[in-house]
Amino acid sequence: MPLTDTESALLALIRETPLATPEELARRLGSTRASVNVHVSNLVRKGALLGRGYVLPAESGPGRVVVVGGANVDVKARTIQTAVPGTSNPGVTAQAPGGVARNVAENLARLGVPASLVSVVGRDALGDWLLRETEAAGVDVRPVLRAPDVATGTYTAVLDASGELLVAVAAMAAVEALTPAALQERRGVLRGAAWVVADGNLPEASLAHLLSLAAEAGAAVVFEPVSVPKAARLRSALASGLVPQAVTPNVPELGALLGRAVPDEPGALRAAADELHAQGVRLVWVRRGAAGSLLSTPEGVTELAALPAEVRDVTGAGDAMLAAFLAALAAGLSPADAARRGHAAAALTVESDHAVSPTLTPAAIQARLAGAATTG
């Protein structure tokens, strides 16, 4: 259906500034917000937009990944000497873009994989800043919902002098606005995706709906549990037959997926993975921290060692692991080789002060693997 001159001009503005508010678009068009809303409705009806959130039709690309879940501002505090509970500790603080889904998407972009982010931020200064930073890193942020009645999420982490996490406070109620209806409006972005990453921050009903939409779009889903309580959100979907192709839990999260504790020893981990395979999950990648990981598929099990690293900050290591793993799968590598690249990305990340290492590149991953082979 052809577009009018005004609709074409509005679509060009949305392509140029996908984060613009209706008021900003109206001002630039020399029109009113009400008129802009009418034209947006026409663009949706004609298929030029996929929803009222200004979601443009997905661009094709090899290995494109859609990452769905949390995006927030990280506030990181780190003591400069051994932490003493119950009192004030001298230290330093910093603000950075964060959130599991957002971090995975940025890591993918840094590894050359086209990545689209589906998340929620508020119509506030933090949301503006977060989206600018994420877009500048190479991530497609057009599908992000700008919710008027929520505050952009924050994650405040307190680390000790060695970089280990002491305590964290997650204020992430914003992601509750990523409802099944909001995902339905953004379903077009799933078309042609090689993988969809679903992070455990999604509400339970939204997670189930995303699995259903991905199945309709023919996209494989990997579920990243995020935490023990959030891992359990997948259980109802599994029971109803909505099954991701892959899950990437740590050992306690693996137990939450099954509803029972799982000992951190290879035999028990293999048995637990087999239970998930029996429910239809093809790939189970269990992260074991310093002990490495266990990768299980119906074809067999691979145990992988963690690569040596000088730890500065463990924040974001799991996000980098997942991104490098998917980037390697998109390049045609086997799951075991992809997992090895995930470990290299984690090693690079924990040696950085950033949740997403600015030095993360395919060449850096290859160099870390080569160095480990030489020293090993």
Side-chain angles (χ1 to χ4, degrees), residues 61-67 96-98 100-117 134 136-140 163 193-197 220 222 224 245-246 248 250 283-297 299-376:
R64 188 172 62 86
V65 177
V66 179
V67 192
V100 171
R102 198 219 68 85
N103 288 350
V104 171
E106 181 176 342
N107 278 305
L108 285 164
R110 289 183 178 276
L111 293 172
V113 177
S116 298
L117 177 64
T134 304
V139 177
D140 174 19
W195 282 94
V196 174
V197 178
V222 54
E224 165 52 48
Q245 280 73 12
T248 57
N250 61 26
L283 189 152
V284 181
W285 189 19
V286 186
R287 284 85 173 276
R288 305 176 64 200
S293 68
L294 183 144
L295 177 73
S296 178
T297 71
E299 289 73 39
V301 174
T302 304
E303 294 182 47
L304 301 107
L307 298 187
E310 296 182 8
V311 177
R312 291 184 60 85
D313 186 344
V314 299
T315 307
D319 305 336
M321 283 185 78
L322 177 54
F325 178 73
L326 293 177
L329 289 180
L333 275 67
S334 70
D337 284 339
R340 292 186 182 93
R341 279 156 175 75
H343 277 291
L348 290 166
T349 302
V350 300
E351 291 182 343
S352 168
D353 290 321
H354 305 275
V356 177
S357 172
T359 66
L360 185 67
T361 64
I365 287 176
Q366 191 60 43
R368 178 53 65 98
L369 287 171
T374 300
T375 58

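For the single chain, residues carry numbers from 1 onward in sequence order.
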Quiz item: Going from CG on L322 to CD on E224, what distance comes out if it is rounded to the nearest 0.5 angstrom?
Solution: 6.0 Å

Practice problem: For S293, check side chain to side chain contact (heavy atoms under 4.5 Å, CB included) against everything at least two apart and list the hits. | Solution: W285, L304, H343

Exercise. Indicate the atoms forming the closest heavy-atom contact of N103 with A355, along with that distance.
Key: ND2-CB, 4.0 Å

Quiz item: Going through the distances and angles, do V65 and V104 end up as a side chain to side chain contact (heavy atoms under 4.5 Å, CB included)?
Solution: CA-CA 10 Å; V65 177; V104 171; 5.9 Å; no

Practice problem: Not counting sequence neighbours, which residues clear side chain to side chain contact (heavy atoms under 4.5 Å, CB included) with E310? List them please. | Solution: E351

Practice problem: Work out which heavy atom in A290 is nearest to a heavy atom in A306; give both atom names and the distance. | Solution: O-CB, 3.7 Å

Quiz item: Any salt bridge (charged side-chain N to carboxylate O under 4.0 Å, His left out) pairs touching residues 314-324, not counting sequence neighbours?
Solution: none

Exercise. Please list, chain by chain and in numerical order, all residues satisfying side chain to side chain contact (heavy atoms under 4.5 Å, CB included) with A101, sequence neighbours excluded.
Key: V67, L117, D199

Quiz prompt | Gap separating the OG1 atom of T361 from the CG atom of L348, nearest 0.5 angstrom | solution = 8.0 Å

Practice problem: Compare every heavy atom of A327 with every heavy atom of L108, then report the nearest pair and how far apart it is. | Solution: CD2-N, 4.3 Å

Self-check item: salt bridge (charged side-chain N to carboxylate O under 4.0 Å, His left out) involving D353 - partner list, sequence neighbours excluded
Solution: R78, R312

Quiz item: Roughly how far apart are L283 CG and L329 CG, rounded to 0.5 Å?
Solution: 7.5 Å

Exercise. Return the minimal non-hydrogen interatomic distance between L307 and A347, and the atom names on each side.
Key: CB-CB, 4.2 Å

Quiz prompt | Heavy-atom pair with the smallest gap, counting every atom of A345 and A320 | solution = CB-O, 3.6 Å

Quiz item: Just how far is it from atom CG of L295 to atom CZ of R287, taken to the nearest 0.5 Å?
Solution: 10.5 Å

Practice problem: Could you tell me which residues satisfy side chain to side chain donor-acceptor pair (under 3.5 Å) with T297, sequence neighbours excluded, listed by chain and number? | Solution: E299

Quiz prompt | Contact check, side chains of F325 and V222, non-hydrogen atoms, under 4.5 Å | solution = no

Exercise. Identify, with sequence neighbours excluded, every residue that meets side chain to side chain contact (heavy atoms under 4.5 Å, CB included) alongside E303.
Key: P266, R270, R288, L294

Quiz item: How close do V356 and R102 get, heavy atom to heavy atom, and via which atoms?
Solution: CG2-NH2, 3.9 Å

Quiz item: Can you name the side chain to side chain donor-acceptor pair (under 3.5 Å) partners of N107, sequence neighbours left out?
Solution: none

Exercise. With sequence neighbours excluded, tell me which residues meet side chain to side chain donor-acceptor pair (under 3.5 Å) with T359.
Key: S357

Self-check item: Partners meeting side chain to side chain donor-acceptor pair (under 3.5 Å) with Q366 (sequence neighbours left out)
Solution: R341

